[in-house]
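Okay, so here's the structure we're looking at.
Index from 1, following the sequence.
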Amino acid sequence: MPLRDKSALSRCIAPAFYGVHRDITAHRHTHYILTGGRGSCKSSFVAIEVFLLLKRHPDCHALVMRKTANTLADSVYAQYVWAAEMLGLGQELIQKRSSLTLILRPTGQRILFRGAADRMALKSLKMPFGYIGITHFEEKDQFESRAEIRSILQSTMRGGTVFWNFETNNPPIRPGHWANRDLLCPQPDRLVHHSDYRSVPRAWLGETFFAQAEALREQSESAYRHEYLGEATGVGASVFPNVHLRTVSDEEIAGFDRIYRGADWGFFPDPFAFVCAGYDASHRVLTLFDEATAYRKNNEQTAALAKAHGANNAETVWADAAEPKSIADWRSYGILCRPAGKGAGSVAYSTKWLAGLSAIIIDPARCPCSAREFSEYEYERARDGELTEVLPDRDNHHIDAARYALYPVWRRRGQ
């Protein structure tokens, strides 16, 4: 089929990816992080896009990687062969399965499939002409860390003028996994996209697929959300399995009846933390939509920072009662600051209250520190690895600020 035939492309690209396709075509970003559940077609979409990019950029080659090479032939290599057939490029494709290489016959452009274990071999890759302009990390979460991927890209992203890097994976179940944490770090040259099977035409996946998804949903909502919706459901040691990371719109914020604000005093090495939240009591949903974080700032400086994030002399900011001097300073700087009551068991009670809410929604772009802390916070383990009920007193500064902010709610009985 003609590669510019939009109606034909729509038969290859699921509707959820139309916007991403336009973004790639316009080269608005270099890095594309595509996550999602089973059957979301994210990896198929990337294979399609790689061929489209190669056709438009005849001096480019592509490198496709998984953590280990022995999984390539029957997975991502076969997927790329499928993509070529879908695009009508089957007759142009030279398949060298023994060396895990695909070659476009008219131009000699190559798609190499490699495992990441042999780092020296990756560094010594040489193309017959041009440069490696496209990389695709399949099953990104199987790599050791962002540092490992960055090291590979430092070797491949050179000698050319334009580059595209794709990373695809199903989110690991544990929110604290590096691949999930990585999504919480907004970068201007990176587009993050999440998809699931519900936006894919039923005929593409077949009725059996949809029946299996529905059967799992009825058996285990948590397993269904992880496997099919691609959510890091956080079962296990996670203190807050009810955390959901998503964009919070200005309209949504404007609709809150009341804004709750909380502050946790810190200087160094612990940070000062300030959060703003909305709370839907009827549905027991907490939404964190703004935050401030600072190191080595005195009370006057943190007060100015809090004012920049909405603190004022009319609405209470609830703060750690352990520092009455800091609370008094803020009041002198024009902020209505009050101590959040503390007492025996208050930390465990308020944390349990947060964990028992229907949902804690956090906008990772507006609140990256809160998103990281709530997603990674886990119960302590004993020496034998067994879980305990002990809450760690570290990496929880924005969690504490949120506890203080909602003090007027959770202190009331029955809430």
Electrostatic pair [X]:[Y] at N-O distance under 4.0 angstrom:
{"X": "R261", "Y": "E315", "value": "yes"}
{"X": "R366", "Y": "D250", "value": "yes"}
{"X": "R38", "Y": "E227", "value": "yes"}
{"X": "R190", "Y": "E167", "value": "no"}

Just so I know, are the side chains of [X] and [Y] near enough to count as touching, which here means a heavy-atom distance under 4.5 Å?
{"X": "F45", "Y": "I24", "answer": "yes"}
{"X": "P15", "Y": "P201", "answer": "yes"}
{"X": "N170", "Y": "D141", "answer": "no"}
{"X": "R258", "Y": "P408", "answer": "yes"}
{"X": "R181", "Y": "S375", "answer": "no"}

What distance do L34 atom CG and F17 atom CZ have between them, rounded to the nearest 0.5 Å?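 Rounded to the nearest 0.5 Å, the CG-CZ separation comes to 6.0 Å.
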
When rounded to the nearest 0.5 angstrom, what is the spacing between NZ in K55 and CG in L53?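 Output value for this atom pair is 13.0 Å.
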
CG/D189: more than 12 non-hydrogen atoms of other groups inside 6.0 Å: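 For D189, atom CG is crowded (more than 12 foreign heavy atoms under 6.0 Å).
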
Within a reach of under 6.0 Å around CD of E218, are more than 12 heavy atoms found that belong to other residues, nucleotides or ligands?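 Counting other residues, nucleotides and ligands, CD of E218 exceeds 12 neighbours.
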
Between Y131, F163, F129, which is the residue that forms a ring-ring contact (aromatic ring centres under 6.0 Å, His included) with H61?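 In the set Y131, F163, F129, the residue that makes a ring-ring contact (aromatic ring centres under 6.0 Å, His included) with H61 is F129.
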
Qualifying residue for ring-ring contact (aromatic ring centres under 6.0 Å, His included) with Y279, from F289, W353, F256: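 When F289, W353, F256 are each tested with Y279, the ring-ring contact (aromatic ring centres under 6.0 Å, His included) holds only for W353.
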
Hey, what's the ring geometry for W265 with W330, parallel, tilted or perpendicular (30° and 60° as the breaks)?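 W265 and W330: perpendicular rings.
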
Classify the ring geometry between Y80 and F51 as parallel (under 30°), tilted (30 to 60°) or perpendicular (over 60°).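 Rings of Y80 and F51: tilted, 30 to 60°.
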
Donor-acceptor under 3.5 Å (E373 side chain, H397 main chain):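 Between the backbone of H397 and the side chain of E373 there is a qualifying donor-acceptor contact (under 3.5 Å).
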
Kindly say whether P171 contributes a backbone atom to a donor-acceptor pair with the side chain of H226 at under 3.5 angstrom?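 Side chain of H226 to backbone of P171, a donor-acceptor pair under 3.5 Å: yes, one is there.
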
Among T247, D280, V248, exactly one meets side-chain contact (heavy atoms from CB on, under 4.5 Å) together with I361. Which residue is that?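 So, applying the side-chain contact (heavy atoms from CB on, under 4.5 Å) to I361 and each of T247, D280, V248, only V248 qualifies.
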
Taking side-chain contact (heavy atoms from CB on, under 4.5 Å) as the criterion, tell me which of I134, V64, T101 meets it with I111.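 That would be V64; it is the only one of I134, V64, T101 passing the side-chain contact (heavy atoms from CB on, under 4.5 Å) with I111.
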
Who are the salt bridge (Lys or Arg N to Asp or Glu O under 4.0 Å) partners of E221, not counting sequence neighbours?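 Here no residue qualifies.
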
Check side-chain contact (heavy atoms from CB on, under 4.5 Å) between H27 and all other residues, then give those that pass, not counting sequence neighbours.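 Applying side-chain contact (heavy atoms from CB on, under 4.5 Å) to H27 gives T30, V162, W164.
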
Flag this pair as yes if the NZ/CZ of R217 is under 6.0 angstrom from the six-membered ring centre of Y228 and inside a 45 degree cone about the axis; otherwise no.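 No cation-pi geometry.
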
List for me each residue that meets side chain to side chain donor-acceptor pair (under 3.5 Å) alongside Y32, sequence neighbours excluded, and say none if there are none.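 Once residues adjacent in sequence are excluded, the partners of Y32 under the side chain to side chain donor-acceptor pair (under 3.5 Å) criterion are D23.
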
Is the distance between the ring centroids of Y260 and W410 less than 6.0 Å?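 Not under 6.0 Å, so no.
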
